[in-house]
Amino acid sequence: MTPLEEILEQWRNDPSFMANVACWEVLPEQAASYADMPAFLDDRLKRALKERGIEQLYLHQAEALQRLQEKENIVVVTPTASGKTLCYNLPVLNALLQDHHHRALYLFPTKALAQDQLVELKELAARCPFDLRSYVYDGDTEPELRRAIRDSGQVVITNPDMLHTGILPHHTKWIQLFQNLKFVVIDEVHHYRGVFGSHLANVIRRLKRICSFYGSRPQFILCSATIANPGELAETLIEEPVSVISKSGAPRGKKHFIIYNPPLVNRELGIRRSALLVSRELAAALIKKGIQTIVFTRSRLGVEVLLTYLQERFPALPGRPERVKGYRGGYLPRERRSIEEGLRRGTIRGVVSTNALELGIDIGELEACILNGYPGTIAGTWQQSGRAGRRSGTSLAIMVTASDPVNQFIAANPAYFWGNSPERALINPDNLVILTNHLRCAAFELPFREGEPFGRAQVTEILEFLEEEQVLYRQEGRFYWMEDAFPAEEISLRSATRENVVIIDTSGSQPQVIGEVDRFSAPMLVHEEAIYIHNGIQYQVEKLDFPAKKAYVRPVRVNYFTDAQLSVDIKVLEVLEEEEGAVSRAWGEVRLNALVALFKKIRFNTHENIGSGPVKLPETEMHTTAFWISFSPQSLGGLPQPAVQSGLQGLTNLIPQIASLYLMSDPRDLRAVGQIKSPFNEQPTLYLYESYPGGVGYSRELYRIYKDIFRSARRAVLSCNCREGCPSCVGPPEQIGPGGKEHTLALMEVVLR
Amino acid sequence: MNLRSRLDNLRRSGELAAPRPRRATGMGMLFPGEEREVETPAGPCYLREVSFPLSTVHGRYVLEQVLDSRGDRIALLSRDPALERIEPARSLFLDTETTGLAGGTGTWAFLIGAGWVEGNRFRIRQYFLRRPPEERAMLLHFTGFMKNFDSVVTFNGKAFDLPLIQTRQILAGVPSCAPPLHIDLLSCSRRLWKGWLPSCRLSMLESSLLGLQRTDDLPGHEIPAVYFDYLRRGHTGRLKTVFRHNLYDLLSMVTLLTRLSLNASGEGLEHPWECYALGRLHLEAGQPETGMALLRIAAGSPDRELRREALLHLAAACKRASRWEEATAAWHELLQLENTDPAPCLELAKYYEHRCGDFQAALRATREAVLRLQHSGRHASGGEFSMAALQHRIARLRRKIERRDKLTFPVK
């Protein structure tokens with residue numbers, strides 16, 4: 001028995017351990033499925049692969065090559081470490097071997113991935129042998145090198161932001177690339193959802209438009225983690241048909257997957273033992289037995305805390321490097337290689353990190369992986385747990401759940417994981433604000449003809465709008481960019497408007513920007529004296545200069561958080577779909593007016609109100625989409641008003657969290673407001689509105705699957721051990737009133753009837 | 001609710017910006033007698049032509065003086081030997097006015113000013129983009145015209161104007177011509193005057209060196225708005241000012257070239273920094289005699305920092321030319337100038353040790369270097385300036401002295 005198998009046996013026989021195990025699944029071994037090397041693969045490539053020990057391809061790799069040969073676009077949806085990289089490196093190198101004028105563009109979301117992929121590609125090319133000119137082109141690329149890359153780089157590796165501001169608006173300097181572009185590779189495509197994905201779809205529209213100008217028509221090779229709708233996401237992103245390749249032929253060793261829920265220490269208040277402490281103990285136990293382990297935490301602070309403890313516990317031996325290393329974003333390839341080396345040699349026993357993507361392709365094969373807290377999506381969970389795993393032999397992934405509603409839902413409903421993923425990645429490329437902003441960029445790049453579409457969108461009215469805004473000039477049927485500005489730099493691909501409030505930490509010698517919040521939410525999140533949490537660290541807002549869109553903060557350590565009392569006015573502008581009934585539902589376009597007049601200070605854990613203060617900020621307005629559900633008097637069957645009020649409050653706390661599980665959204669992407677008497681229809685109504693102006697598609701999806709969400713929410717409440725309510729389900733009793741849990745359940749029953 | 005009203009809503013709430021009123025456009029006659037329309041395969045385009053007799057005075061210089069400018073002097077300043085064989089005055093002087101400085105494919109060159117010497121006049125032609133659809137015609141005509149010249153003169157054209165013109169050519173589908181030899185007056189100016197003048201902007205050079213003071217001109221950052229104003233609202237009033245600004249730029253470039261060539265020939269130098277800069281350029285170009293002579297002049301400057309730099313480079317050049325007397329004199333002067341730099345001490349130590357065989361003097365000099373290193377508080381970069389290396393040198397000198405003493409005073 002291996003040390004790992006020993007520990008697992010030990011745990012299985014320990015009742016106090018098993019009492020907290022929410023689920024323990026064993027995924028069986030899977031043998032590889034092979035296919036022959038395609039005939040059209042260049043002999044030099046075949047030889048190179050043979051040298052690496054590859055005589056045959058996995059089924060999915062062969063299928064990918066075949067479809068590409070037939071001029072299709074593809075999206076490969078297979079697990080981590082299944083050899084997805086060959087699905088694009090092979091066709092690209094094959095094309096280059098036949099004609100070295102071809103070009104390819106690779107898009108990765110992180111620098112680590114980009115750099116590792118470069119190494120991988122070059123190694124394969126060198127074996128052919130082929131003198132490949134491939135480079136990473138991003139913010140760190142030396143100025144002297146940039147010209148050479150533009151003129152002669154055969155494979156250009158970059159990221160969406162660089163493509164958006166550094167390449168497309170300067171396309172005349174990239175003629176060689178655009179005239180000969182044969183393949184565009186986009187990895188981690190499921191990452192591009194919500195606002196980011198909506199932006200990327202438009203960046204791709206601009207890319208295709210420029211390719212068309214130079215006479216090329218590239219094929220797209222996309223890779224995605226497992227989600228419910230990879231084909232749909234891919235097709236919406238590139239606006240062309242895409243073939244989905246999802247059956248993995250890669251082999252897999254036996255894998256244990258445990259969901260561990262720390263025990264309750266205070267039943268009333270729903271407080272559990274800290275997940276971080278539990279993760280710490282588990283990590284120590286594994287590392288002590290010599291099992292190489294990786295721990296993923298959700299914040300940088302978590303990494304620091306865990307690392308400190310583990311490094312103290314397993315100090316560096318004299319003359320040798322530390323045995324437990326932390327991963328921070330932005331590590332150079334050199335540093336990553338040294339950690340890989342250490343793992344191979346056995347001198348490094350443990351790694352702590354925030355994010356699987358930061359690790360690059362391959363830091364070696366670890367035996368065990370601990371997830372401190374649910375990563376936020378099932379796809380992310382598999383990606384992180386996929387870091388532990390061998391082609392053969394046993395591996396372990398153990399997820400320690402935290403105490404928020406989403407984590408507790410997972411712990412109570414592990415079936416959510418197994419079976420088909422319910423997670424759908426949603427984007428809305430035609431979000432009006434996002435589309436308009438990218439239209440500026442597109443017009444900057446090339447003039448528009450009247451009537452010319454932008455991707456699948458009809459944009460004449462928007463072009464006319466931009467003409468009135470005096471950024472475009474129309475003459476003889478064309479719209480020209482005529483403005484002293486560089487539009488791409490004013491647009492961040494991760495936010496919807498250009499109007500964000502920037503958060504500045506003034507504590508150091510130099511003020512430093514640590515984040516931003518959108519204008520609409522700013523009065524709620526960064527009013528003066530607000531406690532703002534970033535990367536696990538608490539900051540207090542000292543000054544908010546709202547007109548200048550700057551919030552000045554300082555790190556603090558306090559035992560409370562602040563909660564702004566937001567009064568939101570919702571006006572329905574247009575109903576896009578509705579269904580009337582005892583309980584009616586609808587979704588559509590709304591206008592929100594938000595006013596924050598007051599904030600409260602709430603102590604951690606006990607949730608006592610320990611103070612409050614005024615907020616003097618103007619009302620903010622936003623246009624977006626929302627989903628709402630209303631209760632007719634008949635449906636409520638005489639439930640007294642205070643009960644309805646309390647139940648609505650419970651729903652506003654819980655539903656957005658549970659919904660995020662289905663929408664693959666961040667819980668902040670969706671907000672809820674309950675109105676006991678909605679001005680729209682005079683009925684008690686729950687509104688769920690999107691945080692991004694224009695919406696990114698969540699509202700329509702909520703309208704479709706609301707019942708699934710309410711069902712899961714009901715399960716979450718029923719399986720929660722608290723009596724009257726707690727932060728892990730409907731909210732603390734101080735907030736929702738006595739009997740809140742019961743009232744919330746009552747409303748859910750009404751909806752599900 | 002249609003797209004239009006949704007856009008209006010967004011505008012009202014501030015999520016998208018607000019419009020300004022528009023009015024009719026039109027150009028009318030800007031420069032009667034000077035302007036004309038020319039035909040090209042892509043349609044007509046507009047240009048304006050003026051000329052000045054070479055006897056025209058522009059600030060301190062007469063335009064004619066540019067004929068004396070020398071290729072080899074300009075090549076020195078540009079650090080580009082390929083320029084040696086040209087007659088700078090026969091180049092095409094080029095300056096554009098654009099819709100912004102951001103570069104990229106959305107920036108237009110709406111005015112291309114070109115100047116050249118023809119006979120006894122300096123001729124200027126200004127191409128103007130009346131309407132964006134005319135760009136192709138304008139570029140076709142201009143590109144054809146530019147082919148008549150082997151070289152161009154610009155002010156910051158290497159980084160800005162020429163890449164911009166190339167971008168516009170690609171977008172308009174006009175075959176771009178291979179860039180001819182290029183004299184960028186800004187880089188030449190920086191090399192000669194960066195250490196002396198607060199900036200090398202054209203306006204600064206005009207007022208400090210060329211004897212020019214503009215009146216009724218407009219600042220560069222307002223130029224794009226003037227063009228947009230013309231395009232969208234048909235206002236031509238300030239447009240004339242932009243033409244005038246461009247014209248003035250071209251004339252200043254002519255006198256700037258004159259000045260640069262004169263200075264690079266050693267004439268009309270006004271400040272020791274120019275001698276220093278020229279001195280170093282000559283050294284780089286493999287002309288040590290001239291280089292050293294110029295550095296000597298700079299070493300006499302009342303400016304301590306300049307004197308120090310000049311002496312350092314002069315000493316190094318003398319050392320390379322084996323002019324030991326002068327080199328040591330320079331090092332001694334450096335020692336007097338300030339007391340934190342160990343470099344002159346080290347040079348002297350090497351000289352005393354290897355050239356004179358005077359180990360005692362070498363030891364004294366090395367010790368002085370150590371003191372300086374300690375007092376300067378600076379962490380010496382590795383190599384021969386590190387404390388370790390200096391100590392090593394001291395030890396070696398001591399051994400040499402001992403050995404020699406033993407030989408001179410043998411122990412009985």
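Proteins come first, then strands; the chains are lettered A, B, ... in the order of their sequence lines, and each starts at number 1.
- To the nearest 0.5 Å, atoms CG (B:Asp229) and CD (A:Gln470) are separated by 9.0 Å.
- Counting non-hydrogen atoms of neighbouring residues, nucleotides and ligands closer than 6.0 angstrom, the NZ atom of A:Lys550 reaches no more than 12 such neighbours.
- Between A:Lys173 atom NZ and B:Ile170 atom CD1 the span is 10.0 Å, to the nearest 0.5 Å.
- Interface residue A:Tyr214: only side-chain heavy atoms are found under 4.5 Å from chain B.
- Of all heavy-atom pairs between A:Asp484 and B:Gly100, the closest is OD1-CA, 3.2 Å.
- The CH2 atom of B:Trp108 sits 10.5 Å away from the OH atom of A:Tyr473 when rounded to the nearest 0.5 Å.
- With a 4.5 angstrom heavy-atom cutoff, A:Phe213 touches chain B only via side-chain atoms.
- Residues of residues 131-139 of chain B that come within less than 4.5 angstrom of chain A, heavy atom to heavy atom, are B:Arg131, B:Pro132, B:Pro133 in numerical order.
- In the displayed structure, B:Arg190 atom CZ is contacted under 6.0 Å by at most 12 heavy atoms of other residues, nucleotides or ligands.
- Most heavy-atom pairs under 4.5 Å with chain B: of the set A:Phe444, A:Trp481, A:Phe520, this distinction falls to A:Phe444.
- Closest of all the heavy-atom pairs between A:Met482 and B:Leu231 is CG-CD2, 3.6 Å.
- When all heavy atoms are compared, the tightest approach of A:Phe486 to B:Gly104 is CE1-CA, 4.5 Å.
- Rounding to the nearest 0.5 angstrom, the gap separating the OH atom in A:Tyr480 from the OG1 atom in B:Thr99 is 14.0 Å.
- Atoms CD1 and CZ, from A:Ile462 and B:Arg6 in turn, are 8.5 Å apart once rounded to the nearest 0.5 Å.
- Remark: B:Arg244 CZ is packed, more than 12 non-hydrogen atoms of other residues, nucleotides or ligands lying under 6.0 Å away.
- Comparing A:Arg478, A:Glu489, A:His171, A:Glu464 by how many heavy-atom pairs each has under 4.5 Å with chain B, the most go to A:His171.
- For A:Glu476, the part lying under 4.5 angstrom from a heavy atom of chain B is the side chain only.
- For a residue to count as touching a neighbouring chain, one of its non-hydrogen atoms must lie under 4.5 Å from one of that chain's; by this rule B:Tyr227 touches chain A with the side chain only.
- The number of heavy atoms from other shown groups lying within 6.0 Å of CG (B:Asp150) does not exceed 12.
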- Message: As a quick check of understanding, evaluate side chain to side chain contact (heavy atoms under 4.5 Å, CB included) for A:His170 and B:Thr167, giving each step before the final call.
- Response: CA-CA 9 Å; A:His170 295 280; B:Thr167 292; over 6 Å; no
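- Taking OG1 from B:Thr107 and CD from A:Glu483, the interatomic distance works out to 11.0 Å, rounded to the nearest 0.5 Å.
- For B:Thr105 (side chain) and A:Pro169 (main-chain N/O), a donor-acceptor pair under 3.5 Å exists by modelled atom type.
- In this structure, A:Arg591 places its CZ atom where more than 12 heavy-atom neighbours from other residues, nucleotides or ligands lie under 6.0 Å away.
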